[in-house]
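I have placed the structure first, in the form of structure tokens, so that the comments after it can refer back to it.
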Amino acid sequence: MANLVRTHKESIVNIFVENMAFSVTEQDLRELFAPYGVVERINLIIDRETGRPRGFGFVEMADDKAAQAAMGGLNGTHSIGFSGR
């Protein structure tokens with residue numbers, strides 16, 4: 001799960017997640033990020049022509065502290081379904 005990038009939207013923090021296997025689901029991401037704090041929303045990017053996942057998406061965390069903890073704990077890891085699609 002390389003290159004988590006943080007962007008702010010009010011107090012919610014939007015984290016860019018890439019290098020995911022096409023089989024990763026919203027529930028997989030929620031379970032991966034939940035130990036670090038409240039996950040507000042998951043947005044997996046889907047190819048509009050094929051309807052298949054594109055291997056990246058966004059995780060919205062409730063606050064900066066949770067997002068920082070998640071990025072510190074997960075950045076560069078090869079957790080479930082990440083890297084080596």
Side-chain angles (χ1 to χ4, degrees):
M1 179 187 320
N3 302 323
L4 297 178
V5 178
R6 179 174 52 128
T7 59
H8 288 282
K9 179 183 176 183
E10 298 173 13
S11 63
I12 293 176
V13 181
N14 198 16
I15 303 170
F16 174 68
V17 185
E18 64 180 357
N19 295 329
M20 293 186 288
F22 298 130
S23 61
V24 170
T25 66
E26 288 185 18
Q27 185 62 33
D28 293 333
L29 281 179
R30 188 169 301 280
E31 290 173 5
L32 188 64
F33 280 80
Y36 299 98
V38 176
V39 176
E40 293 290 335
R41 189 171 88 105
I42 306 281
N43 182 19
L44 293 177
I45 306 304
I46 305 297
D47 185 292
R48 67 180 87 153
E49 290 184 25
T50 66
R52 293 178 36 199
R54 297 196 53 203
F56 66 95
F58 299 89
V59 176
E60 290 184 1
M61 302 287 294
D63 58 63
D64 191 57
K65 184 176 179 182
Q68 288 293 335
M71 288 188 288
L74 297 172
N75 198 18
T77 65
H78 299 286
S79 300
I80 55 161
F82 292 92
S83 215
R85 293 184 257 207

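Just so you know, residue 1 is the first one in the sequence shown, and it goes up from there.
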Considering all heavy atoms, the nearest A66-G37 contact: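 The answer is CB-CA, 3.8 Å.
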Shortest non-hydrogen separation from S23 to D28 and the atoms involved: O-OD2, 4.0 Å
Can you list the residues that meet the side chain to side chain contact (heavy atoms under 4.5 Å, CB included) rule with [X], with sequence neighbours excluded?
X   : answer
E40 : I12, V38, E60, A62
A34 : none
R52 : F22, T50
I46 : P53

Taking the side chain as every heavy atom from C-beta outward, state whether [X] and [Y] have any atom pair closer than 4.5 Å.
X   : Y   : value
L74 : F33 : yes
L44 : F58 : no
M20 : L29 : yes

Distance (rounded to the nearest 0.5 Å) between F16 CZ and I45 CD1: 8.5 Å
Stepwise side-chain contact (heavy atoms from CB on, under 4.5 Å) check, R41 with V39: CA-CA 6 Å; R41 189 171 88 105; V39 176; over 6 Å; no
Under the side-chain hydrogen bond (donor to acceptor under 3.5 Å, both in side chains) test, residues paired with Q27 that sit two or more places apart: E31
